[in-house]
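Side-chain atoms are counted along with the backbone in the values below, which use heavy atoms only and exclude waters and symmetry mates. Note that the structure is a prediction, hence the values are computed from the model and not measured. Quick note on labels: first sequence line is chain A, next is B, and so on, each numbered from 1.
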Amino acid sequence: MRIVVNELHHTYPAGVEALRGISLVIEAGEQVAMVGQNGAGKTTLVKHFNGLLQPTQGSVHIGDWDTREHAVSQLAARVGYVFQNPDEQLFTKNVHDEVAFGPRNLGYSPERIERLVEDALALTELTDKKETNPYDLSSTWRKMVALASIISMDTPVVIFDEPTTGQDAANIARIANVVRVLRERGKTVITITHDIDFCAENFERIIALAQGRVLLDGPANDVLAEDELLATTYVDPPQLTRLGKRLGLPVTVRDEEQFLAAYREFIGTEK
Amino acid sequence: MKDKLTFYIERESSLHRVNPLTKLVMVFAFIILAFFGPGFWLPSLLVVLGIIPLSFLGRVQREYFRTAGRLLLPVVGFLFLMQSVFHPDVGDSRVLLQVWVLNVTVEGVRFAYLTASRIFVMVSAFILFLLTTHPSELMSDLTRRGLSGTFAYVITATLQIIPQMQAKASTIIDAQRSRGLDTDGSFRKRVGALLPLTGPLVFGSLVEVEERAIAIEARAFTSKLEKTSLREIPDTKLDKAARWFFLLLIVLAFGSKLWPS
Amino acid sequence: MAIVNLQDVTYKYPLTEEPAIRNIHLQVEEGEFVAIVGPNGAGKSTLCYTLSGFIPHFFKGELNGTVEIAGVETQKSSLDEWVLNVGLAFQNPFNQISGSKFTVYEEIAFGLENIGVPRGEMKARVEAAMAMTAISDLADRSPYSLSGGQQQRVALTSILVMEPKVLVLDEPTSQMDPIGTREVFQVIKEMSARGMTVILVEHKIEWIAEFADRVIALHNGEILLEGTPGEVLTSPLLPERGFGISRYTSVARTASGQGLWPGDRRLPITLQEAVDGFARDRK
């Protein structure tokens, strides 16, 4: 499902102009990370994708729907949104019911709901915890419940708001796996993140925002190469990108594989 | 807007410099005089000769009129209407006006005016108090006089928690609507939406309460040492005299009720 | 002489079967900067609560062994006395705001009011602490109106102003963006430079590598490894047991398997070490 943002402006009631003319297209099945300092407009932008915010000017289309013409509860069938803090959404007595809440709201058939719930639980490694009360789980597992409760809605677009904040290495690996599986299923995944290493290793396209405008938008390697521009919105390049640059590698790298390949070639040519 | 959690207006004025307890006693004197004092016109006189001039003295007259207007006039107006229409027919039952099957009597209007003016005194005296008294000063002063520190903490924390709860509630609503919850449909749908909205608010508050308890404990909140206060709170001889004067007024007001001449 | 001394400490929360921490022996010297790493559920927060006296004085449960700080034993002290020696700050800055104060200045003075510091001295201490953490310009703001990084600096300042001997920090930057993280670490670094004993739980390895004198790796409630950052953070045990490690370390480990990292060289934990190692190999 294609997302088209056209000349989008948003001004909050208090008068803060959070978005100042954003235009972009996200094709079906793309993996996009949004980066930039707090206040750059990342959250304001993605809250337009499921209608939580409405444009002050300009428009947002999700497939053939103009978000101004559809309620949030309708848009929920197209765009799933995982909020940063799981504790702001968990309320049922067990994990299974929590994960079933979204698809039930969307009016899916009981068989489909069961199938989607089982699948989402398996993907987030929660199957053995499905009878547990979410509040008896650790905060890392509550985060996975929040993820599962959106994945089970089977929306073509999934948004993650700061998925790795406060998570340990094992859980970050689990979340990266969820992103990979969703990509394989052809879902569009959009992530807001400050975790630039996670972003570099899991997303093909990066959009950097600064002061309500698009600062950079393109393939991850190209965006990460622009360290001076990124610094203006307080984004440091990933560790391996910085290392490659310091060593003088001729290309920009963003993960271990790319680094080692470039490094091998680099020392080969030097010798 | 987030920066503004109290009514307090920071200004240099002689009313601001009055001890918080003195002002509080004064507020109660106004209220008790209005409700128990003699005379039909007393509450009105208290407003015209007491509270309004004091608002000028405290240099908060603009804020006072604005808040009183917005908060009080609708309530007082409604009260006046209800009381004059529905007041039982006793006393002077000359009919002034007929509304549908109801008669508005002279006694009804008198009673309504009295009730409305009393409420006006009560609320507007508090408004004046809140405009010119910093809550921290009041609490520090009361703690110094022996009020429990925990009680004072609960009061000031409650003052601040409401806007935070509102912000939290709106995030929860957003999160659940994003999961397809329809919050603006039929009554049944709204009732169904209650648990998904209140559940996270309650659970979240429990976590918050525990962490906050740890945080204030880490700063020796329950220390057995005698507490001091950052703010220097004035308490002059004049303050003491004024408090005795207002107490006297309170006693006189009750007296006039108990032993009507 | 060690300012912190834990002997064979085991603790079990009420209504649980397994201890959250087990057989912990830990000595920390005055002025030392000790970092604690570990996966979630390793017992890091429990250890922080034990050091800061909330175990056993706030959380009940079963505490065995001895916890001694500045020569006083936690079991023989009370919480309100204990917190004067050990300051605690934790993850969520929002929940650390007292909630009863209207400005940052008042917020920082809160602890000093509680222990009866005279007004003149109180003001001097509040102002000095704010200058030290570079938040003087926030003095008149409402604590609620601040960014996360600013709130966390206010929370730290509110503890520092009490002048504890030991500072215990439980993931103070986990909710922070990169700017907030940098702001908070600048404060921690400053405190350590002034000779305060710091015990820090942190996931962000890059910062630990830079600042810590010693690293303790906690796993399943027990101390798995202990040593200098270079020793602990490059141990092959960490990735096996679900610890996060620096990308510099992991890439060099892969590289050394392919003969691209000098075999005699310790794996890097900082950018500079990685640059030095990979650059040297070229010569």
Undergrad: Between C:Tyr248 and chain A, with a heavy-atom cut-off of 4.5 Å, which part of the residue counts as in contact: side chain, backbone, both or neither?
TA: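 Both parts, backbone and side chain.
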Undergrad: Looking at A:Thr165, A:Thr140, A:Asp197, which one has more heavy-atom pairs under 4.5 Å with chain C than the rest?
TA: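 Highest number of heavy-atom pairs under 4.5 Å: A:Asp197.
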Undergrad: Salt bridge check, C:Glu273 against C:Arg265: does any charged N sit closer than 4.0 Å to a carboxylate O?
TA: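 Result for this pair is no, no salt bridge flagged.
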Undergrad: Relative to chain C, which segment of A:Phe259 carries a heavy atom at a distance below 4.5 Å: side chain, backbone, both, or neither?
TA: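 When you check distances to chain C, only side chain atoms of A:Phe259 fall under 4.5 Å.
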Undergrad: Using non-hydrogen atoms and a 4.5 Å limit, figure out which bit of A:Asn171 sits close to chain C: side chain, backbone, both or neither.
TA: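 It is neither, since no heavy atom gets under 4.5 Å.
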Undergrad: Considering only heavy atoms, which portion of C:Ser250 lies under 4.5 Å from any heavy atom of chain A: side chain, backbone, both, or neither?
TA: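 Both the backbone and the side chain of C:Ser250 come within 4.5 Å of chain A.
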Undergrad: Considering only heavy atoms and a distance below 4.5 Å, find which of C:Pro178, C:Gly242, C:Gly244 pairs most often with chain A.
TA: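 Most heavy-atom pairs within the cutoff with chain A belong to C:Pro178.
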Undergrad: I'd like to know whether the aromatic ring centres of C:Phe54 and C:Phe90 sit less than 6.0 Å apart in this structure.
TA: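 Between C:Phe90 and C:Phe54, which both carry aromatic rings, the centre distance is not below 6.0 Å.
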Undergrad: Can you give me the closest heavy-atom contact between C:Asn23 and C:Thr10, atom names plus distance?
TA: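 Scanning both residues, the minimum pair turns out to be N-OG1, 3.0 Å.
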Undergrad: Given the options A:Gln37, A:Glu162, A:Gln167, A:Glu201, which has more heavy-atom pairs under 4.5 Å with chain C than any of the others?
TA: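 Result: the option with the highest number of such pairs is A:Glu201.
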Undergrad: Side chain, backbone, both or neither: which part of C:Ser246 has an atom under 4.5 Å from a heavy atom of chain A?
TA: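 For C:Ser246, heavy atoms of backbone and side chain both lie under 4.5 Å from chain A.
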Undergrad: Is any side-chain N of the basic residue among C:Lys44 and A:Asp168 closer than 4.0 Å to the acidic one's carboxylate O?
TA: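 Judged by the 4.0 Å cut-off on N to carboxylate O distance, C:Lys44 and A:Asp168 do not form a salt bridge.
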Undergrad: Salt bridge check: are C:Glu18 and C:Arg22 linked by an N-O gap of less than 4.0 Å?
TA: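 Salt bridge between C:Glu18 and C:Arg22, a charged N being under 4.0 Å from a carboxylate O: yes.
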Undergrad: Under the 3.5 angstrom rule, does the side chain of C:Thr249 hit a backbone N or O of C:Pro268 as a donor-acceptor pair?
TA: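 Side chain of C:Thr249 to backbone of C:Pro268: a pair is present.
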